Amino acid sequence: MPWSNQSGGGGGPWGGGGNGGPWGQGPRPSGPQGSPPDLEDILRRGQDRLKHVLPGGGRSTPFFIGLAILLLLVLWTFKAIYTVQPDELGVESRFGVPKAEIAEPGLHFHWWPIETVQIVNTAEKLISIGSDNSGSSGLMLTGDQNIVDVKFSVAFEISNPKQYLFDVESPDDMVHQVAESAMREVVGRRPAQDIFRDDRQGIADGVRNIIQATLDSYKAGVKINAISIEDAAPPHEVADAFDEVQRAEQDEDRFVEEANQYSNKKLGQARGDAAQIREGAAAYKNRVVQDAEGEAQRFTSVYDEYVKAPGVTRERLYLETLEKILKDSNKVIVEPGSGPGILPYLQLPALQAKKPAPAAAPAPSAPPKTGASSATTENK
């Protein structure tokens, strides 16, 4: 064989003599020449060598075995006992199948490595969605064919940790995708003015209901707490045009408000004037009625007196009537026997020109010397 050609006379590939093999000296056959080596003899000599290597000549082997077992026990205990913090919940699984029990906050034990545990944080999480977050575009098409750039956030918490861990893959990414899809759906049914300022809360409530219904159908184990629309603005390319429209709408609202104020003012004045006229008419009515009632009562009293003494009453009425007629007229009294040559006649233009003021007492005029004088002749 090739091994017998090496220097040293057949030492094999390791250069040993005889049948040394890789350990320098091979086992000596106990049987006839060419029989296989004894396996028990090989194991016994290996144990002897190990005893020489270990301290104490092999007498400390039980100690090291016990120490190794103790270390393994400590490691297993460390893996088998786990702690759940106050804001956490744990889900144990046996051979990858989740158990029905949910580990509440506290100290727990499970049979590792047969059983494993996954701990989730139940505190509220916040996901921001929009053009400034994670490369996600917030540009959305509204119901009136306008484009708005919406930035909003979703606050959610884990309601069922078993569904959150085992029923869906990447639940946080699913919440992000479902929220963006729901916002696009709601904004696509509304005019741009609603998302800008008119009905943001209504849009947020609609988005929240759609997200929750979708995640419940997926059994994601997630509860949506709130939807907050942080900003809604037109794209930068048309922002100036939208600002002009907003200013025009504000001016329109201001003009309408001013017109309403003017209308209310005029209407109030008209109502006040109408009320004043009604009050004046009612007062005039009362006064006229009272005057008429007074005249009627006076007439009735005069009539009663007339019935008692008709002659005296007629004379009194006659004198009172003459007094009313003649008290403001110019009178010329001509006594009988004043002499001839007096021609009494009435010259109306002269009397009209010489008529005194109503407040002044009438003065008697002298008898006319010519026919140009005017007088009222009254024989007494």
Side-chain angles (χ1 to χ4, degrees), residues 193 197-199 201-202 247-380:
Q193 198 63 30
R197 60 177 183 178
D198 289 350
D199 195 17
Q201 187 60 42
R247 285 191 290 268
E249 292 179 353
Q250 293 175 1
D251 292 340
E252 179 185 3
D253 295 340
R254 179 170 57 84
F255 292 151
V256 171
E257 185 65 24
E258 291 177 355
N260 291 332
Q261 293 178 0
Y262 179 78
S263 174
N264 294 334
K265 179 181 177 181
K266 289 299 182 182
L267 184 60
Q269 291 178 353
R271 288 175 178 173
D273 295 341
Q276 183 179 1
I277 293 173
R278 286 194 297 269
E279 293 294 333
Y284 176 75
K285 174 185 175 182
N286 293 333
R287 180 172 58 82
V288 172
V289 171
Q290 291 176 0
D291 291 344
E293 291 176 351
E295 292 292 335
Q297 292 176 0
R298 186 178 66 83
F299 180 81
T300 302
S301 62
V302 171
Y303 177 74
D304 293 340
E305 296 297 329
Y306 174 77
V307 172
K308 294 179 182 178
V312 176
T313 304
R314 279 198 298 268
E315 184 178 359
R316 179 182 174 184
L317 291 175
Y318 175 75
L319 295 176
E320 289 179 354
T321 303
L322 288 179
E323 181 182 3
K324 291 180 180 179
I325 294 173
L326 299 176
K327 68 177 181 178
D328 295 331
S329 62
N330 294 327
K331 296 175 288 294
V332 177
I333 300 173
V334 179
E335 295 181 357
S338 58
I342 298 176
L343 180 62
Y345 71 98
L346 182 62
Q347 190 177 5
L348 295 178
L351 289 176
Q352 188 68 26
K354 294 180 180 181
K355 185 178 180 180
S365 58
K369 296 180 180 181
T370 62
S373 64
S374 63
T376 302
T377 305
E378 179 179 334
N379 292 326
K380 183 178 179 182

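Remember, predicted model here, so these are calculated numbers, not experimental data.
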**Nearest-0.5 Å distance, CZ of residue Arg278 to CZ of residue Arg271** = 10.5 Å

**Request:** Go through the structure and list residues passing salt bridge (Lys or Arg N to Asp or Glu O under 4.0 Å) with Asp251, not counting sequence neighbours.
**Result:** Arg254

**Asked** Ser263 side chain to Asn260 main-chain N or O, any donor-acceptor pair under 3.5 Å?
**Response** no

**Request:** Please check if atom CD in Gln276 has more than 12 non-hydrogen atoms from other residues, nucleotides or ligands closer than 6.0 Å.
**Result:** no

**Asked** Roughly how far, to the nearest 0.5 Å, is the CG atom of Asn286 from the CG atom of Asp291?
**Response** 10.5 Å

**Item:** Shortest non-hydrogen separation from Thr313 to Ala309 and the atoms involved
**Value:** OG1-O, 2.6 Å

**Asked** Within a reach of under 6.0 Å around CD of Glu323, are more than 12 heavy atoms found that belong to other residues, nucleotides or ligands?
**Response** no

**Message:** Nearest 0.5 Å, please: how far is CG in Asn264 from CD in Gln261?
**Reply:** 8.0 Å

**Prompt:** Out of curiosity, Lys266 NZ to Asp273 CG, how far, rounded to the nearest 0.5 Å?
**Reply:** 9.5 Å

**Request:** Would you sort out whether Glu258 and Tyr262 count as a side chain to side chain contact (heavy atoms under 4.5 Å, CB included), showing the intermediate values?
**Result:** CA-CA 6 Å; Glu258 291 177 355; Tyr262 179 78; over 6 Å; no

**Asked** Does Gln193 reach the side chain of Glu249, with side-chain heavy atoms less than 4.5 Å apart?
**Response** yes

**Request:** Answer whether the closest heavy-atom distance between the side chains of Glu295 and Phe299 falls below 4.5 Å.
**Result:** no

**Request:** Report, as yes or no, whether the 6.0 Å neighbourhood of atom CZ on Arg247 holds more than 12 heavy atoms from other residues, nucleotides or ligands.
**Result:** yes

